[in-house]
Protein chains: 2
Amino acid sequence: MASSTAAGPATRPASHEPYERTERTTPSRYRDRTSYDRESVHAILDAGYVCHLGFVRDGAPVVLPTLYGRIGERLYVHGSTGSRPLNAAGQAEDPGMPVCVTVTHLDGIVLARSAFHHSLNYRSVVVHGTARRVTDETELTAALDALVDQVVPGRAADSRPPTAKELAATAVLRIDLAEVSAKVRNAGPGDDPEDLALPHWSGVVPVSTHYGTPIPAEDLAPGIPVPGYLPGR
Amino acid sequence: MASSTAAGPATRPASHEPYERTERTTPSRYRDRTSYDRESVHAILDAGYVCHLGFVRDGAPVVLPTLYGRIGERLYVHGSTGSRPLNAAGQAEDPGMPVCVTVTHLDGIVLARSAFHHSLNYRSVVVHGTARRVTDETELTAALDALVDQVVPGRAADSRPPTAKELAATAVLRIDLAEVSAKVRNAGPGDDPEDLALPHWSGVVPVSTHYGTPIPAEDLAPGIPVPGYLPGR
């Protein structure tokens with residue numbers, strides 16, 4: 001696989017193959033909206049700030065919003081040493097904890113003539129896997145950089161790195177990206193033909209994320225400019 | 001409790017009491033960010049479009065984004081009769097399916113001088129409960145109206161109501177709002193005193209939802225104006 005040259009078309013490495021479809025990443029509905037394409041999945045993950053981490057506690061599901069970051073085919077989810085999911089995952093690498101991590105972006109409100117066909121345009125990724133606590137200090141440092149850069153790319157290099165004490169107080173879970181699917185709806189309303197003449201407005205209201213003007217901390221030292229990498233400048 | 005008068009200060013009805021705190025709605029961290037106030041919970045729920053529905057399937061967690069709506073102390077979650085969570089919940093009212101429904105709004109990116117104190121401002125609600133399939137036609141119709149009005153308030157009345165066939169093809173789960181908590185972070189960075197003089201910019205980038213100009217359906221009949229209740233007009 002190392003035979004490709006900069007000049008010629010590269011043999012696609014295995015990591016560019018789509019994610020393998022499994023029974024639980026095969027939806028029961030809207031299969032045409034589902035993708036296993038690695039680049040699509042990465043792009044949806046990289047565009048988000050908050051994931052919804054699901055795990056099972058005493059037989060019941062728990063879904064918590066939390067920060068995450070990605071390095072290649074590994075997803076890192078943030079917590080603290082005091083938080084429940086991370087305690088459940090334990091200190092040890094194995095056996096880990098079954099989790100489901102979902103990231104969703106809302107792109108539009110879809111108004112159909114019929115109540116029934118109202119919908120949303122969205123991009124989402126669902127990751128099934130096993131979460132394991134990151135214990136290696138080098139990996140932990142890299143994961144924390146990824147978590148910060150997920151929120152503001154370039155920020156990790158422009159902040160005070162974690163101390164040994166902070167590293168010890170931070171728990172990060174790793175989930176390998178293996179059983180993964182993306183789902184995208186990006187279309188107008190799907191009204192039934194017999195409804196097209198109804199007098200109700202129909203269409204899409206685009207939805208996007210807006211970044212306001214950055215607000216400096218009250219105790220920010222004078223003379224520190226707003227960094228060029230911030231959104232909303 | 002019915003002794004209040006319109007003129008005097010009303011005795012607060014039971015439904016205005018805070019949600020009862022339980023072991024699983026008591027966070028292990030940041031208890032000062034957690035609230036059981038009913039109005040705060042309702043406001044956060046009412047401001048969202050997508051919830052993350054968690055359930056357990058073959059012992060593993062599953063988290064799916066989906067539409068929802070609220071009527072009083074009942075949360076309704078949308079699905080279809082072919083979808084897995086709704087099949088798992090079954091046709092019957094009981095015993096239902098243990099679920100966790102989480103709604104999260106991102107309000108700001110919090111940049112601290114230290115990587116460690118980077119955070120997000122957010123509002124979230126976590127609902128633990130049992131989901132039961134709505135089978136009563138009156139309740140189902142009301143729930144579907146709530147689902148449409150959750151996305152665009154006032155829209156249910158300005159769309160073609162569901163037919164009997166559509167009602168039969170739509171599955172809605174009901175979760176009673178009983179074991180519920182809200183969590184809010186709305187503050188600047190929490191840097192350590194010894195980091196305040198560091199040369200890194202620190203502050204908050206506000207994040208909000210932006211609605212673009214509504215895009216009419218390609219087949220929209222001429223002369224139908226954009227309704228006044230739409231966001232982004």
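A note on names: the letters A, B, ... follow the listed sequences, proteins ahead of strands, and every chain is numbered from 1.
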A:Trp201 side, atom CH2; B:Asp158 side, atom CG - distance, nearest 0.5 Å: 11.0 Å
For A:Ile215, is it the side chain, the backbone, both, or neither that has a heavy atom closer than 4.5 Å to a heavy atom of chain B? both
Relative to chain B, which of A:Ser159, A:Pro189, A:Ala221 shows the most heavy atom pairs under 4.5 Å? A:Ser159
Is it the backbone or the side chain of A:Pro216 that comes under 4.5 Å from a heavy atom of chain B, or both, or neither? both
Whether the side chain of A:Thr104 engages the backbone of B:Pro65 through a donor-acceptor N/O pair (distance < 3.5 Å, no angle test) should be reported. no
Please look at A:Leu106 and chain B and tell me whether the side chain, the backbone, both or neither of the residue comes under 4.5 angstrom of a heavy atom of that chain. side chain
Please state whether the rings of A:His52 and B:His52 are parallel, tilted or perpendicular, taking 30° and 60° as the class boundaries. parallel
Does the distance from a Lys or Arg side-chain N to an Asp or Glu carboxylate O, for A:Glu194 and B:Arg160, drop under 4.0 Å? no
Comparing B:Tyr49, B:Tyr122, B:Phe116 against chain A, the one with the most heavy-atom pairs below 4.5 Å turns out to be B:Phe116
Can you tell me which portion of A:Asp192 sits under 4.5 Å from chain B's heavy atoms? Options are side chain, backbone, both or neither. side chain
Does the A:Thr102 side chain pair with the main chain of B:Val63, one donor and one acceptor, at a distance under 3.5 Å? yes
Proximity breakdown for B:Asp195 and chain A, heavy-atom pairs closer than 4.5 Å: side chain
Among A:Pro225, A:Gly203, A:Pro206, who wins on heavy-atom pairs under 4.5 Å with chain B? A:Pro206
Minimum heavy-atom separation for A:Arg155 and B:Ala112, please, with both atom names. NH2-O, 2.7 Å
Please flag which part of B:Ala197 lies under 4.5 Å from any non-hydrogen atom of chain A: side chain, backbone, both or neither. neither
Does any backbone or side-chain atom of B:Val151 lie under 4.5 Å from a heavy atom of chain A? Answer side chain, backbone, both or neither. both
Given heavy-atom pairs under 4.5 angstrom as the criterion, report whether the side chain, backbone, both or neither of A:Leu111 touches chain B. both
Only pairs of heavy atoms separated by less than 4.5 Å count here; which of A:Ile109, A:Leu196, A:Thr209 has the most with chain B? A:Ile109
Using non-hydrogen atoms only, which part of A:Arg113 is less than 4.5 Å away from chain B: side chain, backbone, both, or neither? both
Among the options B:Val148, B:Val62, B:Leu220, B:Val103, pick out the one with the most heavy-atom pairs lying under 4.5 Å from chain A. B:Leu220
Please give me the minimum heavy-atom distance between A:Pro61 and B:His128, naming the atom from each residue. O-ND1, 4.1 Å
Give, as side chain, backbone, both or neither, the part of A:Asp219 having an atom under 4.5 angstrom from any heavy atom of chain B. both
Let me know if A:Val126 has heavy atoms under 4.5 Å from chain B in its side chain, its backbone, both or neither. side chain
Shorter than 4.5 Å, heavy atoms on both sides: which option in B:Pro199, B:Ser208, B:Pro162 has the most such pairs with chain A? B:Ser208
For the atom pair SG (A:Cys100) and CZ (B:Phe55), what is the distance rounded to the nearest 0.5 Å? 8.5 Å
Given a strict heavy-atom distance threshold of 4.5 Å, which part of B:Leu144 is in contact with chain A: side chain, backbone, both, or neither? neither
Top contributor to chain A contacts, counting heavy-atom pairs under 4.5 Å, from B:Gly108, B:Ser124, B:Ala115, B:Gly54: B:Ala115
Check each atom of A:Val207 against the heavy atoms of chain B and say whether the ones under 4.5 Å are side chain, backbone, both or neither. both
Contacting region of A:Ser202 [heavy-atom separation from chain B under 4.5 Å]: both
